[in-house]
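To start, the structure under review is shown below, and the notes come after it.
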Number of protein chains: 2
Amino acid sequence: MTTNDTMELRIREVAQQLFFRQGYASTSTTQIAHEAGCTQALVHYYYRTKENLFRQIFLEQVEAALNVIGRSLCDTDSFEGFIEGAIGIYFDALKANPRLPYFVLEELVSNPERRRYLRENFVKKPTYIMFYMQFDALVRREQQAGRLAHVEPFDILMSIASQTVFTFLVLPLYQDLLARTDEQVNEFIAHRKQEITRMVIQGLKP
Amino acid sequence: MTTNDTMELRIREVAQQLFFRQGYASTSTTQIAHEAGCTQALVHYYYRTKENLFRQIFLEQVEAALNVIGRSLCDTDSFEGFIEGAIGIYFDALKANPRLPYFVLEELVSNPERRRYLRENFVKKPTYIMFYMQFDALVRREQQAGRLAHVEPFDILMSIASQTVFTFLVLPLYQDLLARTDEQVNEFIAHRKQEITRMVIQGLKP
DNA sequence: AGTGTGTTTAATAGGGCTATTAAACAAGTC
DNA sequence: GACTTGTTTAATAGCCCTATTAAACACACT
């Protein structure tokens, strides 16, 4: 599990797992230390405060998520190709990190302080502004060519984000309440990817 | 704010607000008591434990949510009419209670114990089984008449739920990060209701 | 006036949490 | 061997939390 064996990184990895699983409020530095195999004082020695340790992990994850979004604009020849490619990239990224959406959402919703992190660290970043401009251009081009219904680009993004993110948000419920095996969960994810792609493309026909 | 002025109910109302806003872990009985205007011992006098107080509120809210779903099957003459009616009912209910989806999701995802509540209290309930059977029949009827693409009923529900619920999950982010007024938020909600309805109907055309 | 019942508070036990501090430890350098 | 520097632990201060207990309070009934 531990890739780097220095205690400093080990603590961060363990902390990330625990924050992902339980959220900030329900995770204690004592627990982090215990699972990392050191004393709780060491956690504070390396990261000073729990909030500090959390912020590093949180911002790193948000950054990673934004990079995925940036990478999803690779194929802009045809609109259908783009939709298919983008949803594919999102699903691959989320499958590798299924807890990410819940983690980010939880902290952003339940703590206004965390939203300040975002504003201060990512509003300046041109990545997602460029993304939005490029996406906007693509949509309007297709609409003028009559190949796309006249829907606001923002609504298209909402539709994709809703359905993609929601799939992973409810994954623990799906698995637990419907008593699904890991394999069945994987099939479910693959199936949803196809269906969402189909729904979005069909839903945007003029 | 307080409809009934007995302290017992007052505590429950305050507790509900705080649980909705902060979640279980970040809300203390001390804080509940303080906002209700009594001592913390009184909270325990009426509800014995914090978990107990929480469970009452949680199950009540889940019950209310399931009732909304049950009510949404009123108009089954045309499929389009049903979609429009159902999404309308969901949006009305959620607008009156915008924190509900996040509250239920958070507790269900972060605490397996809460999922046991559901299994024990609602698996027996025939409400949503009846709902699913009736919905399934409606979908298959429309598909055989060639008016609907051959999509699994479950995927249709996922699509509706994703987009409806997601709208309210990200509402605090939308309002805060994009600096929207309450009025703009209301417009956003109304706009999303229309768009989701359109997308779902269009996305299910054969 | 006295009794009983339900409500509310003050006080507290007992525990966990964050953060700090001083001291022990390890390992390299002069 | 003494010194430095970075790592780790033990101990603890100070806080807040949950839950309990005993006592005060209010009010109806007789």
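Below, chains carry the letters A, B, ... as their sequence lines are ordered, and counting in each starts from 1.
- With C/dT20, C/dT8, D/dT18 as the candidates, the nucleotide lying closest to the side chain of B/Tyr46 is C/dT8.
- Side-chain proximity of A/His44 to the nucleotides D/dT8, D/dT21, C/dT20 is greatest for C/dT20.
- One can place CG of B/Leu53 at 14 Å from C1' of D/dA19, the figure rounded to the nearest angstrom.
- For B/Glu51 and D/dC17, the CD to P distance is 18 Å, given to the nearest whole Å.
- Taking the ring centroids of B/Phe103 and B/Phe19, they lie at or beyond the 6.0 Å cut-off.
- What separates OH of B/Tyr47 from P of C/dT8 is a distance of 11 Å, to the nearest Å.
- Because its NZ or CZ atom is both nearer than 6.0 Å to the ring centre of A/Tyr24 and within 45° of the ring axis, A/Arg114 counts as a cation-pi partner of that residue.
- Here the side chain of A/Thr49 is nearest to one of D/dA19, C/dA19, C/dA10, namely C/dA19.
- Look at OH on B/Tyr45: it is 5 Å from P on C/dT7, rounded to the nearest Å.
- When the nucleotides D/dT9, D/dC17, C/dT18 are ranked by their closest atom to the side chain of B/Ser28, D/dC17 comes out on top.
- Between B/Phe168 and B/Tyr102, the distance from one ring center to the other does not fall under 6.0 angstrom.
- C/dG6 atom P lies 17 Å from atom CD1 of B/Ile11, rounded to whole Å.
- Base contact: B/Thr30 has a heavy atom under 4.0 Å from a base atom.
- Checking D/dT18, C/dT8, C/dA19 against the side-chain heavy atoms of B/Thr39 singles out C/dT8 as nearest.
- For the pair B/Tyr24 OH and D/dT18 C1', the interatomic distance rounds to 9 Å; values are reported in whole Å.
- Of the residues B/Gln194, B/Arg192, B/Gln163, the one that meets the side-chain hydrogen bond (donor to acceptor under 3.5 Å, both in side chains) test with A/Asp155 is B/Arg192.
- Separation of the A/Phe154 and A/Tyr132 ring centroids does not fall under the 6.0 Å cut-off.
- Atom CD1 in A/Ile32 sits roughly 14 Å away from atom C1' in C/dA19 (whole-Å rounding).
- If you check every strand for non-hydrogen atoms under 4.0 Å, A/Gln40 touches a base.
- When the P atom of C/dC17 is taken as reference, atom CD of A/Gln31 falls 8 Å away, rounded to whole Å.
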